[in-house]
A.B. asks: 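Take this structure, written in structure tokens, and hold onto it; I'll ask about it next.
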2 protein chains.
Amino acid sequence: MNFTDFLSSIVPFTDGELKDIVSHFKKETVLKNQTLVRQGEICKTLYFVEKGMGRSYYLNESGKEITQWFFGIGKFMSSVDSFFQQTPSLYYLEVLEDTELYSISKSDIDQLFAKYHKMETMGRLVATEMLTKMVNKLNAIQFQTARERYDYMLAEFPDIAYQVPLGHIASYLGMTQETLSRIRKG
Amino acid sequence: MNFTDFLSSIVPFTDGELKDIVSHFKKETVLKNQTLVRQGEICKTLYFVEKGMGRSYYLNESGKEITQWFFGIGKFMSSVDSFFQQTPSLYYLEVLEDTELYSISKSDIDQLFAKYHKMETMGRLVATEMLTKMVNKLNAIQFQTARERYDYMLAEFPDIAYQVPLGHIASYLGMTQETLSRIRKG
DNA sequence: AAATTCCTTTGACATAGGTCAAATAATGGG
DNA sequence: CCCATTATTTGACCTATGTCAAAGGAATTT
């Protein structure tokens, strides 16, 4: 999904606005397995995924990686609360394959929020959408069996489910990889 | 928490703006156990809780009430996705004790969002805060033991934890009331 | 204040999914 | 293409929490 098209699809920006907004983002390519943010750092950048995918994860007490979220094409990617509150990130952010991103700093996006009322609207709509998705995951995790949670994963991230290591998905779904392996087989 | 003070604490509105914004809300008192929204209805109103508390819940396959969220003093209360997307609500919304609310319709708040850039900013900030809280709950539900989840509840809703029926809290935390009862005892 | 309904506790037992350990299979660097 | 990692599968066993059933308590209603 092209970044400009994405923006237009959310709020009816004019061509001039779009051009100005996009000019504040920097296009960059990041190679597979590269880490964008570490646990404890303040996340300085918000990314839009134009191609590729990423995930956020943290290390639990026993040092195991727990996937917190997947970010596919056409989504904003960041350690959201760290970026917006400028507090230390609870999560690592990494790219799972070669990925093309549009990136912007906190101060730059705040300027855009201040400059364009419509940009603020977009921020609200994106946050609300994310909130809805988070609620869906919560329902899946809280009330569904391991097998149903995997079905939720397939529905929510059809493009991602078959392209990342099984362990990443298992921890995202709150189960062990052994359990997920048995589910996929059965 | 007074509604006007709450608004000022989020974004620096002028007195005139505050007056205009608050004038679009309607103050109302709702009695204990009253239902504000039913599952399947489109949620037409957003509420701000000035006094009292409420919860959202849904009925699962076996007809059991599952608490989805608690709304305490100083929070916006609604079936969020139903209200903002104007889609049928997945949840019931009810008041758990006599409660004082400021209410506003979708079209009225959209007008305020359109009229005041700052109002849009407030919307984004409130949505982001809610998102953060949702992530916290998700982490609790996904990775913590029943006892730790109860500790999370005490931290997140200290004012509510001791004032609502144990069964409401148990379902919110994704455990049975028997388990919660044993935890509280031990 | 008796009756009814709702809420909480307790006990016995069942099970989904976890843990640990080891065997395969797949992947990527030299 | 081979070796060293890294990822996945499989099996045996374990445990936290669920289910079911029933008994006490509290709180409303008449």
Side-chain angles (χ1 to χ4, degrees), chain A residues 31-35 52-53 55 57 59-67 70 92 94-98 137-154 157 160-186, chain B residues 31-35 53 55 57 59-67 70 92 94-98 137-154 160-186:
Chain A
L31 297 182
K32 183 168 178 172
N33 293 329
Q34 204 163 314
T35 297
M53 64 180 76
R55 67 162 182 153
Y57 68 94
L59 298 179
N60 71 5
E61 327 75 54
S62 36
K64 220 187 119 206
E65 294 181 0
I66 308 289
T67 301
F70 291 105
Y92 288 82
E94 73 172 13
V95 142
L96 295 169
E97 57 180 39
D98 296 359
K137 179 182 175 185
L138 190 52
N139 285 336
I141 293 286
Q142 186 162 7
F143 300 112
Q144 296 180 199
T145 62
R147 148 147 261 121
E148 290 168 329
R149 273 177 273 159
Y150 183 58
D151 292 341
Y152 147 81
M153 171 80 200
L154 293 178
F157 299 104
I160 293 178
Y162 291 112
Q163 294 178 242
V164 305
L166 174 142
H168 288 4
I169 298 175
S171 69
Y172 174 78
L173 294 176
M175 65 184 78
T176 61
Q177 59 176 301
E178 291 93 327
T179 296
L180 181 53
S181 172
R182 288 185 245 259
I183 284 170
R184 271 196 174 164
K185 197 187 58 165
Chain B
L31 298 182
K32 182 170 179 169
N33 293 329
Q34 204 162 314
T35 297
M53 64 180 77
R55 67 160 181 154
Y57 68 93
L59 299 178
N60 70 5
E61 326 76 53
S62 36
K64 219 188 120 207
E65 294 182 1
I66 308 289
T67 301
F70 291 106
Y92 288 81
E94 73 172 13
V95 141
L96 295 169
E97 58 179 40
D98 297 358
K137 179 181 175 186
L138 189 52
N139 285 336
I141 293 285
Q142 186 163 7
F143 300 112
Q144 296 181 200
T145 62
R147 150 148 260 121
E148 289 168 331
R149 272 177 275 161
Y150 183 59
D151 292 340
Y152 148 81
M153 171 81 199
L154 294 178
I160 293 179
Y162 291 112
Q163 293 178 242
V164 306
L166 173 142
H168 289 3
I169 298 174
S171 70
Y172 174 78
L173 295 177
M175 65 184 77
T176 61
Q177 59 176 301
E178 291 93 328
T179 296
L180 181 53
S181 172
R182 288 186 246 258
I183 284 169
R184 269 197 175 163
K185 198 187 55 166

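All values below come from the heavy atoms of this structure, side chains included, with hydrogens, waters and symmetry mates left out. All chains are named by letter (A, B, ...) in the order of the sequence lines, taking the proteins before the strands, and each is independently numbered beginning at 1. Model, not experiment: these values are computed from the prediction.
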A.B. asks: Could you state the atom-to-atom distance from CG of B:N33 to C1' of D:dT28 in whole Å?
C.D. replies: 12 Å
A.B. asks: Report the distance from atom OH of B:Y172 to atom CD of A:Q142, rounding to the nearest 0.5 Å.
C.D. replies: 8.5 Å
A.B. asks: To the nearest 0.5 angstrom, please state how far the CD atom of A:Q144 sits from the CG atom of A:N139.
C.D. replies: 7.5 Å
A.B. asks: I want to check one thing: is the phosphate of C:dG17, taken as OP1 and OP2, less than 4.0 Å away from some side-chain N or O of A:R149?
C.D. replies: yes
A.B. asks: Let me know the distance between CD of A:Q163 and P of C:dT27, rounded to the nearest Å.
C.D. replies: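 Rounding to the nearest Å, CD of A:Q163 and P of C:dT27 are 13 Å apart.
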A.B. asks: OP1 or OP2 of D:dT8 sitting under 4.0 Å from any side-chain N/O of A:S181?
C.D. replies: no
A.B. asks: Kindly compute the distance separating CD1 (A:I183) from CG (A:L173), expressed to the nearest 0.5 Å.
C.D. replies: 8.0 Å
A.B. asks: Please determine whether a side-chain nitrogen or oxygen atom of A:T179 lies at a distance below 4.0 Å from atom OP1 or OP2 of C:dG17.
C.D. replies: no
A.B. asks: Taking the nucleotide of DNA chain D with the nearest heavy atom to each, does B:K32 or B:R147 sit closer to the 5' end?
C.D. replies: B:R147
A.B. asks: Check the distance between D:dT17's P and B:Y150's OH and give it to me in whole angstrom.
C.D. replies: 16 Å
A.B. asks: In whole angstrom, what separates B:E178's CD from C:dA12's P?
C.D. replies: 15 Å
A.B. asks: For A:Y57, which of A:K64, A:H168, A:E65 qualifies under side chain to side chain contact (heavy atoms under 4.5 Å, CB included)?
C.D. replies: A:E65
A.B. asks: Could you give the CG-to-C1' distance, from A:L180 to D:dT9, as a whole number of Å?
C.D. replies: 12 Å
A.B. asks: Expressed in angstrom and rounded to an integer, what is the separation of A:Q177 atom CD from C:dA22 atom C1'?
C.D. replies: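 It works out to 14 Å between those atoms.
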A.B. asks: Just report the end-to-end axis angle for the helix from C:dA1-D:dT30 to C:dG30-D:dC1, five pairs per end, to 10 degrees.
C.D. replies: 60°
A.B. asks: Which part of the nucleic acid does A:R182 contact within heavy-atom distance under 4.0 Å: base, sugar-phosphate only, or nothing?
C.D. replies: base
A.B. asks: Please tell me which of the listed nucleotides, D:dT8, D:dT19, C:dC20, lies nearest to the side chain of A:P165?
C.D. replies: D:dT8
A.B. asks: Find the distance B:L166:CG to D:dA26:P and express it as a whole number of Å.
C.D. replies: 14 Å
A.B. asks: For B:K185 and C:dT10, is the shortest distance between a side-chain N/O and OP1 or OP2 below 4.0 Å?
C.D. replies: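 Yes, within the criterion.
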A.B. asks: Run the side chain to side chain donor-acceptor pair (under 3.5 Å) test against B:R184 and tell me which residues pass, sequence neighbours left out.
C.D. replies: B:Y150
A.B. asks: Could you tell me how far apart B:Q142 (CD) and C:dG17 (P) are, to the nearest whole angstrom?
C.D. replies: 14 Å
A.B. asks: If you measure from CE on B:M175 to CZ on B:R149, what distance do you get to the nearest 0.5 Å?
C.D. replies: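 CZ of B:R149 is found 4.5 Å from CE of B:M175.
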A.B. asks: Once you round to the nearest 0.5 Å, how far does CG of B:L31 lie from CD of B:Q34?
C.D. replies: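 Atom-to-atom, B:L31:CG and B:Q34:CD are 6.0 Å apart.
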